[in-house]
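What you see is a predicted model; the values in this text were computed from it and never measured. Count residues from 1 along the sequence.
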Amino acid sequence: MTSPKAPEKTYRIVKYGLLLFTLAFLLMAGSRFFGSDVSVSGSAKKLPIYCVDTDEKKVALSFDAAWGNEDTANILEILKKHNIHVTFFMTGEWVRKYPDDVKAIAAAGHDLANHSENHKQMSRLSADQCRTELQKAHDRVKELTGFDMTLFRPPYGDYNNTLVQTVNDMGYHCIQWDVDSLDWKDYGADSIINTVVNHKHLGNGSIILMHNGAKYTPEALEAVILGLQEKGYTIVPISELIYKENYEMDHEGRQHLKEGAATPGASSSPSVTPVVPQTPAVQPEH
C-alpha cells in the first residue's frame, strides 16, 4: 500500500531537482556569456586608448613595424615632404634587424614606440612575461637612440587586464586604434585611401593604424594625408594627441580629460580613472 505522503515527497524531490538544474544551467550560461574578463567581484575590463575626446580637429597616424623595411625610407620621404610627424610602433626584433631605420625615424622627429620584442599574442602571457617583452624592446631602442619609449601597442590588438595593467605599471600608455586602414589586407591603394578618409569612426582624436611593410601603403600614403587635411584635420603623433594625466576612459576606450583639468604636460606615468567600461565600439581586426 502506498503511503499518502509519497506523492508529496516525490513532488519535493522533483521540485528541488529542477531548481538545482536551473541554477546549474544559469551558472554555466552566465560564465559563457560574460567571458573571462568579468570576475565574481565584478571588476571592470581594462581598456587601452582607442581614441581621444578633443574639440581640436586633429588625428594621429601610426605605423606598426614588425616585418621588412623595404618601404621605410619611402614612407619617411613622403612624411617629410608634407611635414607630417607620426608614431612608429616597432618590435625589438625589427629594431635589431634595422637599426639605421630606427635612427632615421628618430632623427626625423617621429615617435618611437614599443610593439613588444617578439610580436606574441600577449593575452596568453603572464605579467612577468609581458614585462619582459616590453623591457627587451625598450632597452634596444634606449641603447640605440637614448630614447625612453612610453607608448605601447599590443601585437594583433590582443590584450587583457593583465597586459594593460602591466603596461601602465611600467609607465607606458597602452594604445589601440579606432580607424584601421586595412592596408595589411593588400586590397590596393584606393581601398586604403577610401577606408581611412571615409571611415565611419574617423573624427577628432582618432588614431589611425597603418603598417610600414604593407604592399600598397607607400602608394596610398600621400593621398591619405591630403584627404585628411582636406577634411580639416591636423595630423600629429600619438604623443601629442593623448592625455598623459588627469583623464578618464569611457566604454569605447576613448580618453576624456577630467572636468576642470588643464591639458596635461609631458608626464610619462599614466593616471587613469576608469569609467566602468563594457565592450569598445571598435574591435581589433587583426
Could you check whether any side-chain N or O of [X] sits under 3.5 Å from a backbone N or O of [Y], counting only pairs where one atom can act as donor and the other as acceptor?
{"X": "Asn246", "Y": "Lys258", "result": "no"}
{"X": "Thr87", "Y": "Ile238", "result": "yes"}
{"X": "Asp183", "Y": "Ile192", "result": "no"}
{"X": "His211", "Y": "Asp64", "result": "no"}
{"X": "Glu219", "Y": "Tyr216", "result": "no"}

Does any donor atom in the side chain of [X] or [Y] lie under 3.5 Å from an acceptor atom in the other side chain?
{"X": "Glu93", "Y": "Asn118", "result": "no"}
{"X": "Thr54", "Y": "Asn204", "result": "no"}
{"X": "Asn114", "Y": "His138", "result": "no"}

> Mind checking whether Pro154 and Gln176 have side chains closer than 4.5 Å, heavy atoms only?
Replying inline: yes
> Should Met122 and Leu134 count as side-chain neighbours, where that means a heavy-atom distance under 4.5 Å?
Replying inline: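 When only atoms from C-beta onward are counted, Leu134 and Met122 do touch, with a gap below 4.5 Å.
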More than 12 heavy atoms of other residues, nucleotides or ligands under 6.0 Å from [atom1] of [X]: is that the case?
{"X": "Lys57", "atom1": "NZ", "value": "yes"}
{"X": "Lys97", "atom1": "NZ", "value": "no"}
{"X": "Lys58", "atom1": "NZ", "value": "yes"}
{"X": "Asp169", "atom1": "CG", "value": "yes"}
{"X": "Tyr187", "atom1": "OH", "value": "no"}
{"X": "Asn198", "atom1": "CG", "value": "yes"}

Could you label the plane-to-plane angle of the [X] and [Y] rings as parallel, tilted or perpendicular, counting under 30° as parallel and over 60° as perpendicular?
{"X": "His199", "Y": "His201", "answer": "tilted"}
{"X": "Tyr172", "Y": "Phe152", "answer": "perpendicular"}
{"X": "Tyr50", "Y": "Tyr159", "answer": "perpendicular"}

> Among the clusters formed by ILVMFWY side chains lying less than 4.5 Å apart, do Phe147 and Met170 turn up in the same one?
Replying inline: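 Shared cluster, yes.
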>> Please evaluate residues Gln255 and Met249 with respect to the criterion side-chain contact (heavy atoms from CB on, under 4.5 Å), reporting the C-alpha separation (whole Å), side-chain torsions for both, the decisive distance (0.1 Å), and the verdict.
In response: CA-CA 5 Å; Gln255 272 191 320; Met249 297 287 291; 3.6 Å; yes
> How long is the gap from OH on Tyr156 to OG on Ser116, to the nearest 0.5 Å?
Replying inline: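 One finds 8.5 Å between OH of Tyr156 and OG of Ser116.
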> So how far is it from Asn83 CG to Ile225 CD1, rounded to the nearest 0.5 Å?
Replying inline: 10.5 Å
> Would Trp67 and His119 count as a ring-ring contact (aromatic ring centres under 6.0 Å, His included) if you check the C-alpha gap in whole Å, the side-chain angles of each, and the deciding distance to 0.1 Å?
Replying inline: CA-CA 10 Å; Trp67 296 278; His119 209 268; 4.6 Å; yes
> Out of Ile208, Ile207, Leu241, which one pairs with Ser62 under the side chain to side chain contact (heavy atoms under 4.5 Å, CB included) rule?
Replying inline: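 For Ser62, the side chain to side chain contact (heavy atoms under 4.5 Å, CB included) check succeeds only for Ile207.
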>> Using the rule given for side-chain contact (heavy atoms from CB on, under 4.5 Å), can you reason through Thr217 versus Asp71, listing the C-alpha separation, both sets of side-chain angles and the distance that settles it, and then say yes or no?
In response: CA-CA 9 Å; Thr217 297; Asp71 297 319; over 6 Å; no
> When you look at Asp100 and Tyr98, which way does the side-chain contact (heavy atoms from CB on, under 4.5 Å) test go after all the steps?
Replying inline: CA-CA 6 Å; Asp100 290 342; Tyr98 309 113; over 6 Å; no
>> Before you tell me yes or no, could you show the steps for Asp139 and Lys142 under salt bridge (charged side-chain N to carboxylate O under 4.0 Å, His left out), namely the whole-Å CA-CA distance, both residues' side-chain angles and the distance that decides it to 0.1 Å?
In response: CA-CA 5 Å; Asp139 291 345; Lys142 175 71 172 178; over 6 Å; no
>> For Ile75 and Phe63: C-alpha separation, side-chain torsions, deciding distance, then whether side-chain contact (heavy atoms from CB on, under 4.5 Å) applies.
In response: CA-CA 10 Å; Ile75 288 171; Phe63 293 83; 4.1 Å; yes
